[in-house]
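One structure is given here, and the rest of the page talks about it.
Reminder, nothing fancy here: chain letters follow the sequence lines and each chain counts from 1.
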Amino acid sequence: MEKIKISFPDGLVKEYDKFTTLSDIAQSISPSLRKKSVAGYVNDVLYDINRKLVNDSFIKLITVDDEEAFEILNHSTAHLLAHAVKRLYPEALFWVGPVVEEGFYYDIDLGGVSITENDLLIIEREMQKIIKENIRIERVELSKKAALEFFENDPYKLDLIENLDENEIITIYKQKDFTDLCRGPHLFSTGQIKAFKLLKVAGAYFKGDAKNKMLQRIYGISFFKKEELDNHLYVLEEAKKRDHRKLGKELDLFMISEYGPGFPFWLPNGMILRKQLEDFWYKVHTKEGYQFIQTPIMLSKELWEISGHWYNYRENMYTSEIDDYDFAIKPMSCPGGLLVYKHSLHSYKDLPLRVGELGLVHRHEASGALAGLFRVRNFTQDDAHIFLRDDQMVDEIANLIQLFEYFYSVFDLKFHIELSTRPVDKYIGTIEIWDKAEKTLADACKKIDKAYIINEGDGAFYGPKLDFKLRDSLGRIWQCGTIQLDMNLPERFDLTYIDSDGEKKRPIMLHRAIFGSLERFIGIITEHYAGAFPLWLAPRQVDIIPVNNEYHLEYAKEIKEILMENNIRIDLDDREEKIGYKIRESQIKKVPYSLVLGDKEKENHEVTYRHYGKQESHTISLNEFIKLLNEEIKNKGQ
RNA sequence: GCCGACUUAGCUCAAUUGGUAGAGCAACUGACUUGUAAUCAGUAGGUUACGGGUUCAAUUCCUGUAGUCGGCACCA
């Protein structure tokens, strides 16, 4: 038998028979390794575990512990799903079934039939049957011509094949009565799929284009171990419990009326949150040398024509008429901010000029896009416009990034930075200016050693930007902060400053926001903290619970007075209820401190507190307690 | 906007094959006088999202509208 040389990651080289497989090689090392292996890299190309090796190769096995294994498993589970759907709905046609971060999905055309959540159980059962049948999954290579013939009755697969290279070797994967076009690799057999769950069914446009017809998409996830699946489902349940829409209702933070879809109402508790965030924002920005303005919600159409919004983004703007003139409600605060800049003359000595505005903006969002506070039709942007000279840019942006970092650290939120570059066609200005602007943003990151990833072509039409992406408790990424370099508006509005040589010069403009939207940010931190806000944010900071109203209410009122004088947000529960009842309610409302006051406390002018989520109680003097609260508020729970 | 599901008391949910709605919590009243996650009893609370239709009879079936939810598209 002809031999081939196989080399391993640890440098070892061994000889094997030609046509050996990764499975054989794994077996030769140890039977347990064979069991754990699902595929492998052969000279950096992914191979199925049973694909025959014909040349000397460098191999790296992929075992169930590797990230790639999760992808292969989920990919094979997507095929299993399609297989089951094909058995239950013989007319079904399949588009693509890729692996995504949260498992896999498959886009299916079922003609007139529509699948509901209940059908998912039936499909799952069919999938289980196919697993039991333990069907071998076979890889077959075809020429493009042969592939076109094979799928001649499947318009979706033909579409895919036609877009493949003429000389490319096309592979299909066959599992008994089901065959799918696929690059692979796949598991060895359907029996290797152990723990999966179909999660949701939804519509999805063919090729992601709203002009195309809608296919049905089934989402699922697959794991090698049942415990992993159970854990995943548990996490999903937990995430549901933290949903800010649910917590917002339970904690009376906000409401959204059917009379105003996408227009949130702030309830007293939510207002306290907002106020704290706003105060914090003003405090930090004042220290950073910002000034503040407020510009009108509604301005003449002519202004929006100058800014370009009227032509570019009119569909998202609400409009109205005043005395026969068209007006628009602002979707952004910048045009108003520019009018303020033009209101007075500026010297080069004034730059950078930092002007902040918590501005309420309105944007028409599609009805299907609305979601709690995460996607609304009016929201408060923590906007600021910075007017500066070319030579000030890198420093200013670097400082900004550090400011953003501090801000997010206060909320213990992780983030990463993306640099969005020039869009392919919809952009203004010259490529030279764009390149320079992009380099400026990159240099600022480098200056303070901040990593960033490039988001090719995702810049605004008027300039590149740095986007700050936060990760929320559901693992979703939300863009909050943004630093945008604007090469458009200063020109359009003819902004100038008087330089040291007495000449008028054009300033450069930065738009930036840290919260992004105050509303959405509150939604994010509500989920992040699971509603148990740190003391400085908590709508109600301390609950006072007298043991017996008859004997302790006076003392409780006295304590309440003193705490209120210390600016503590407090509630005295003087209802005729048992302590347990009141403690329970205090905990359900996630109030940071519950104070129980009885004989013992009254006698020594003390308080007994219990921290949210903790069982034990502590008795200390009132003064110590106030000190403790003030410290905690000052440190913002850091 | 598109596909699908859903909408019952303030909240969370029930209501067999179509027979004009129930519970727990909350609220209110009363009793109990309480030391760390629900004291007991009573009272009140509904045009079953809204409109139209089928039927002797609709929370239930059909249909239109709105809203919500899950995705898709969108997100300057």
How many Å lie between [atom1] on [X] and [atom2] on [N], as a whole number?
X	N	atom1	atom2	answer
A:Leu553	B:U34	CG	P	15 Å
A:Lys469	B:C75	NZ	P	12 Å
A:Ile583	B:G35	CD1	P	12 Å
A:Glu365	B:C72	CD	C1'	15 Å
A:Leu370	B:A73	CG	P	17 Å
A:Asn549	B:U39	CG	P	15 Å
A:Leu373	B:C75	CG	P	22 Å
A:Asp573	B:U34	CG	P	17 Å

Taking any strand in view, what nucleotide pairs with [N] in a Watson-Crick or G-U wobble way, both distances under 3.5 Å?
N	answer
B:G30	B:C40
B:C75	none
B:A15	none
B:A58	none
B:A66	B:U7
B:U47	none

Contact class for [X] vs. all strands (heavy atom < 4.0 Å): base, sugar-phosphate, or nothing?
X	value
A:Ala369	base
A:Arg610	base
A:Ser257	nothing
A:Glu577	base
A:Ala202	base
A:Tyr219	sugar-phosphate
A:Asp599	base
A:Glu117	nothing
A:Gly580	sugar-phosphate
A:Gly208	sugar-phosphate
A:Tyr105	nothing
A:Glu576	base
A:Asn312	nothing

[X] and [Y]: side chain donor to acceptor below 3.5 Å:
X	Y	result
A:Thr295	A:Lys330	yes
A:Glu601	A:Thr608	yes
A:Gln484	A:Tyr462	yes
A:Thr421	A:Glu456	yes
A:Asn316	A:His364	no

Do the side-chain N or O atoms of [X] get closer than 4.0 angstrom to the phosphate oxygens (OP1, OP2) of [N]?
X	N	value
A:Arg245	B:U68	no
A:Lys578	B:U39	no
A:Arg575	B:U39	no
A:Lys211	B:C2	no
A:Ser617	B:U36	no
A:Tyr581	B:U36	no

Do the rings of [X] and [Y] sit parallel, tilted or perpendicular, given the 30° and 60° boundaries?
X	Y	answer
A:Trp95	A:Phe206	perpendicular
A:Tyr593	A:Tyr609	perpendicular
A:Phe374	A:Trp478	tilted
A:His79	A:His75	perpendicular

Would you say the side chain of [X] and the base of [N] hold a donor-acceptor pair, judged only by whether the two atoms sit under 3.5 Å apart?
X	N	result
A:Arg520	B:C75	no
A:Tyr205	B:G71	no
A:Arg314	B:A76	no
A:Glu601	B:G35	yes
A:Gln587	B:A37	yes

Looking only at atom [atom1], what distance separates [N] and [M], rounded to whole Å?
N	M	atom1	answer
B:C6	B:U59	C1'	14 Å
B:G24	B:A44	P	14 Å
B:G22	B:G46	C1'	11 Å
B:A27	B:G35	C1'	27 Å
B:C62	B:U16	C1'	22 Å
B:G19	B:U29	C1'	36 Å
B:C28	B:A9	C1'	15 Å
B:C56	B:G45	P	33 Å

| said: So which atom in A:Leu215 and which in A:Ile108 form the shortest heavy-atom distance, rounded to 0.1 Å? | reply: CB-O, 3.6 Å
| task | Could you pick out which residue, A:Met317 or A:Ser367, lies toward the 5' side of RNA chain B when each is mapped onto its nearest nucleotide? | result | A:Ser367
